[in-house]
Amino acid sequence: MKLRGKFNSMLVLVFGLGLGATGYLSYKQLNENARDEVLSNARVLMETILSARTWAVNEVGPNLRETVEGEDLLMMGIPSYAADKVMEAVQKRFPEYGYREAALNPTNVVHRPADWEAKIINSFRSDANKTEEWGIRQSPKGPILYLAHPIQIKQAGCLACHTTPDKSPPQVVTKYGAENGYGWKLKEIVGAQIVSVPLSVSIDNANRMFVTFMGTLTGVFVVLFILLNLMLTALIIKRVGAMANIADEISKGNFEMGEFNEKGSDEVAHLSASFNRMRRSIVKAMEIFSKQSGG
Ligand code: HEC
């Protein structure tokens, strides 16, 4: 294999391995970053909704119940209702975000859990120390990240509407019936808050960043490859080739070719100067030899 072949195959091998390793690591990192960003957005949203719930049950509800009888006003003291209202506002700006309060025995039947939601609620019920679960689900619109927190009956105030129909405000019973959403106990985990955020936008961004990064890296390599090859030709292959041609001729007894005229201070120039000196010595030796043998 010629010098250029050796040189280039080493370059391509090293770059190939480097590109593979960099590609693998950066793809993984970018995707993890995208997922973490979505997850932290989901956490912020979860906290926001939780604050609205707490505010409704602790501050709005008790005051309202003492002063008004109207159904619409009473709704404002319901944490679940406050959560839905906050979410409605958030969705005006971020329609892709979703929020659900699923409960095994819900007051409003739309909160009945899907299979995967029931699984989450049951995992919270079976492990009281578990405060969060998140994961990624596939949907027709692409991957969706979900974040779930357990809903536990922590305040006795919650039981004002979730114990028995006769203990609940009549407006609640009229609106939701007397079958569902009762019999909850203090400390019981009755359901889960579930925030969903699609991952596709962040993943698309991460992928675009990945393509740009790898494209730039490949571009740098191509430029480097061309430059190194040009330098290899000009500084080594051409000069050493010319010297080899002269050496070839000398070895065949032909001293007609001129001296190798290489200026500079690099190793090849040094070699050519030594080579020229050696050539002159051989010519001189040959002259002495032919004089002696001829005379
Ligand atoms: C003033 C009555 C009232 C109080 C107090 C109340 N809730 Fe509710 N809760 C309701 C009603 C009514 C709904 C159904 C709202 C709807 O239509 O979405 C509901 C819904 C829920 C849901 C969603 C599942 C379902 O049952 O539809 C959960 C979970 C929940 N409440 C938990 C709590 C917790 C925890 C507290 C205490 C922090 C609490 N509630 C306090 C009346 C109340």
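One-based numbering, in listed order, for ligands and for the atoms of each. All residue numbers in this chain count up from 1 along the given sequence.
Considering every non-hydrogen atom in both Ser200 and Lys141, the closest pair reads OG-O, 4.3 Å. Residues Thr218 and Phe15 approach most closely at CA-CZ, 3.8 Å, considering heavy atoms.
Close N/O approach between His162 and ligand 1 is found [any backbone or side-chain N/O within under 3.5 Å]. Taking distance alone, with nitrogen or oxygen atoms compared against 3.5 Å, Thr107 approaches ligand 1 more closely than that limit. For ligand 1, one of its N or O atoms has an N or O atom of Asn108 under 3.5 Å away. Residue contacts with ligand 1: His111 is placed with a nitrogen or oxygen under 3.5 Å of a nitrogen or oxygen of the ligand (distance criterion only). At under 3.5 Å, a nitrogen or oxygen of Tyr176, whether backbone or side chain, sits near a nitrogen or oxygen of ligand 1.
Proximity to Ile153 (heavy-atom distance under 4.0 Å) selects the following atoms of ligand 1: 35 (C). Of all atoms in ligand 1, listed by their number and element, those nearer than 4.0 Å to a heavy atom of Ile151 are 29 (C), 35 (C). Atoms of ligand 1 found under 4.0 Å from any heavy atom of Ser80 (numbered from 1 in listed order, with element): 18 (O), 19 (C), 20 (C), 21 (C), 22 (C), 23 (C).
Residue-level proximity to ligand 1 for Trp184 is carried by the side chain, the only part with a heavy atom below 4.0 angstrom. Contacts between Thr54 and ligand 1, counted as non-hydrogen atom pairs separated by less than 4.0 Å, are absent for every part of the residue. Under 4.0 Å from ligand 1, the heavy atoms of Gln155 that appear belong solely to its side chain. Of the heavy atoms in Ala103, only side-chain atoms (C-beta onward) come closer than 4.0 Å to ligand 1. For Pro106, heavy-atom contacts with ligand 1 shorter than 4.0 Å involve the backbone as well as the side chain.
For Arg239 and Asp266, the salt-bridge test passes: some basic side-chain N is under 4.0 Å from an acidic carboxylate O.
Aromatic rings of Phe94 and Tyr97 (six-membered ring for Trp) have centroids within the 6.0 Å cut-off, being under it.
Checking His162, Glu179, Lys175 one by one against Thr107, the side chain to side chain contact (heavy atoms under 4.5 Å, CB included) holds for a single residue, His162. Applying the side chain to side chain contact (heavy atoms under 4.5 Å, CB included) test between Val201 and each of Asn205, Asp204, Val197 identifies Asn205 as the sole match.
At a 4.0 Å cut-off, not a single heavy atom of Gly191 sits close enough to ligand 1 to count as contact. Residue-ligand proximity: Arg53 is placed with a non-hydrogen atom under 4.0 Å from ligand 1. The shell of residues lying under 4.0 angstrom from ligand 1, judged by heavy atoms, includes Gly157.
Between Arg4 and Thr233 there is a side-chain heavy-atom pair separated by less than 4.5 Å.
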### Audit row: Arg112, Glu117, salt bridge (Lys or Arg N to Asp or Glu O under 4.0 Å) steps and yes/no
CA-CA 9 Å; Arg112 193 153 282 158; Glu117 292 172 328; over 6 Å; no

### Test salt bridge (Lys or Arg N to Asp or Glu O under 4.0 Å) applied to Glu88 and Lys85, step by step
CA-CA 5 Å; Glu88 242 171 58; Lys85 281 287 159 194; 3.5 Å; yes

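No side-chain N or O of His111 forms a donor-acceptor pair with one of Glu101 less than 3.5 Å apart.
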